[in-house]
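For ligands, and for the atoms within them, numbers begin at 1 and follow the listed sequence. Just so it is clear, the values below take in all heavy atoms, side chains as well, and ignore hydrogens, waters and symmetry mates.
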Amino acid sequence: MSAGKHGAAPHAYDVAIVGGGLVGASLALALAGAARRVLLIEGVAPDASAQPSFDERTTALGNASRRIFEGLGVWADLAPAAAPIRAIHVSDAGHFGAARLAAEAQQVEAFGYVITNRDIGAALWRALRSAATVTLRVPARVTAVEVAPDGAAVTVQDGAGNEEVVTARLLVAADGAQSLVRAAAGIDNAVVEYGQVAITAAVVADRPNDGTAYERFTADGPVAVLPLYTGGYGTVWACSEQQAAHLLALDDAAYLAALQARFGWRIGRFRRVGARASYPLKLARAAATVGVRTVLIGNAAQGLHPVAGQGFNLGLRDAALLAEHIAAAPDPGDPTLLAGYSRARAADRGGVVRFTDTLVRVFSSRLPGVSVLRDLGLVLFDLSPPAKRALARVSLGFGGPTPRLARGLTVS
Ligand SMILES: Cc1cc2nc3c(=O)[nH]c(=O)nc-3n(C[C@H](O)[C@H](O)[C@H](O)COP(=O)(O)OP(=O)(O)OC[C@H]3O[C@@H](n4cnc5c(N)ncnc54)[C@H](O)[C@@H]3O)c2cc1C
């Protein structure tokens, strides 16, 4: 480890988190009560319009995520901007299958809560600003990383271009899909392109939402229409790259007409649309979630298609379980401890990745017979209480130990 090569004595931390997006900021907050020196380095100010993690996208938070946010003390701040999902309606365009699920019938208050990323980011950073044990470097970018068995050295560049090297016993990669830390730790990342792009936009329709989340599968990709606390809807339209280029070039009226043709008239006529944003869709999986003095969490560890709304929920469970492993450990970067964390997360990570990838493939298949099978699947699902109960559990995680925060406990 080569710390201090820029002259000044390096600052030493127990944990350095690279990336203060949704997942990194959540981890920093989860460690705020622990007797640990924590450094959070984020390249873009949380309230900047260019902040890539906190844009106008909506996120559907599952019930485990709500409980984790309650444990982090931010739920009360978020709740006014969160729309509960009280029912889910799944349909297949041009086919007969449809399934309906009511939260009440599954004895849960809601399947989840829809909030914009901007609201989640703002609440997390408000709380972080008063977390005494967390040092915040923002806007500042990590430009180089060296890991060695005794610790990590991280070069941090502030907004004025000044560089400083800090050391940490554990380096956490929460720096998203293009993770610099993952590359520096020598961990491979396998990427499968879906050839799809998600277009997001808030819309207003004739009928204000009644808490139903709609997922409509179409031959080109799924369209999700989610309730917002404003009474309007957050839409996510996944489609082919060519179609996305066409849809993004349309004016608002033409875009609304195209969305209407794809989604149907369940909530009346679409009247207004906000700014559109687009995201290329892929499945990315790091070959390992831990390395020498390094842990990968959130999108640095895995990036998913948004069809099942699982990416952030999974990343938040990464952060919550990691926090409880390292909050009180004598050495937070100890290899045995990191291996234990990785094993504990494997079932949930593998389950969510398989579930999401299968959903994308089954519902975008044009093979003869597959559409009949999926329609039958939807009808059987509609008739089958155990299948509905299983889906209701999706919002709680896919296996392995449930993080203490998600059980209403403190991290240690
Ligand atoms: C259209 C769409 C809809 C989605 N809907 C849902 C949903 O309903 N439910 C759900 O659970 N998930 C959803 N997701 C997934 C979710 O948005 C992501 O899983 C989540 O944003 C990942 O957060 P992250 O913090 O891991 O990474 P990111 O959001 O990529 O954040 C990484 C952060 O690291 C910073 N950074 C990067 N490099 C450096 C560096 N070198 N130095 C300093 N800082 C750095 C960046 O500025 C950024 O703030 C959706 C995704 C998309 C695209």
Side-chain angles (χ1 to χ4, degrees), residues 16-28 39-46 48 50-62 64-66 68 85 111-118 120-121 124-125 136-145 154-159 171-184 194 196-201 213 215 221-224 226 234-238 244 276-282 284 286 296-319 352 356 394-395 397:
I17 305 167
V18 184
L22 292 180
V23 174
S26 300
L27 174 65
L39 173 66
L40 177 63
I41 309 147
E42 167 54 49
V44 186
Q51 219 300 335
S53 201
F54 310 150
D55 56 14
E56 295 306 327
R57 229 179 319 173
T58 51
T59 287
L61 295 176
S65 298
R66 173 192 165 151
I68 292 171
I85 301 176
F111 288 115
Y113 298 84
V114 183
I115 318 187
T116 66
N117 285 19
R118 189 167 298 293
I120 304 175
L124 289 171
W125 275 83
L136 304 174
R137 291 281 163 82
V138 61
R141 296 200 71 77
V142 168
T143 54
V145 165
V154 179
T155 306
V156 183
Q157 189 179 64
D158 69 15
L171 183 60
V172 180
D175 50 350
Q178 309 302 326
S179 174
L180 176 146
V181 176
R182 185 181 61 219
Y194 286 122
Q196 288 184 2
V197 171
I199 302 176
T200 58
E215 181 95 42
V223 176
L226 306 169
T235 62
V236 185
W237 183 349
R276 280 164 261 165
S278 64
Y279 307 83
L281 301 180
K282 49 191 83 171
L296 316 184
I297 60 173
N299 271 23
Q302 64 273 318
L304 309 177
H305 193 295
V307 61
Q310 291 298 314
F312 173 63
N313 288 297
L314 182 68
L316 186 60
R317 296 196 291 274
D318 291 345
V352 174
T356 302
V394 163
S395 83

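Ligand 1 has no atom lying under 4.0 Å from any heavy atom of Gln178.
Between Asn299 and ligand 1, a contact under 3.5 Å exists for at least one N or O pair.
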Only pairs under 3.5 Å count here: list side-chain donor-acceptor contacts from residues 297-304, not counting sequence neighbours, and write none if there are none.
residue: Gln302; atom: OE1; partner: Arg349; partner atom: NE; Å: 2.7
residue: Gln302; atom: NE2; partner: Gly298; partner atom: O; Å: 3.3
residue: Gln302; atom: NE2; partner: Asp318; partner atom: OD2; Å: 3.0

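Among all protein heavy atoms, the one lying closest to atom 28 (P) of ligand 1 is Ser53 OG, 3.6 Å. Protein heavy atom in closest approach to atom 17 (O) of ligand 1: Arg57 NH1, 2.9 Å. From the protein, the heavy atom lying nearest to atom 44 (N) of ligand 1 is Gly43 N, 3.1 Å.
Comparing Ala60, Ala308, Ala144, Ala48 by heavy-atom distance to atom 8 (O) of ligand 1, the nearest is Ala60. Between atom 32 (C) of ligand 1 and the options Gly303, Ala174, Ser26, Gly309, the minimum heavy-atom separation is to Ala174. Distances from atom 37 (C) of ligand 1 to the heavy atoms of Asn117, Asp175, Val181 put Asp175 nearest.
Of the protein's heavy atoms, at least one falls inside 4.0 Å of atom 5 (N) of ligand 1.
Side-chain atoms of Ser179 never come within 3.5 Å of backbone atoms of Asp175 as a donor-acceptor pair (strictly under, hydrogens ignored).
Of all the heavy atoms of Ala140, the ones lying under 4.0 Å from any atom of ligand 1 belong exclusively to the backbone.
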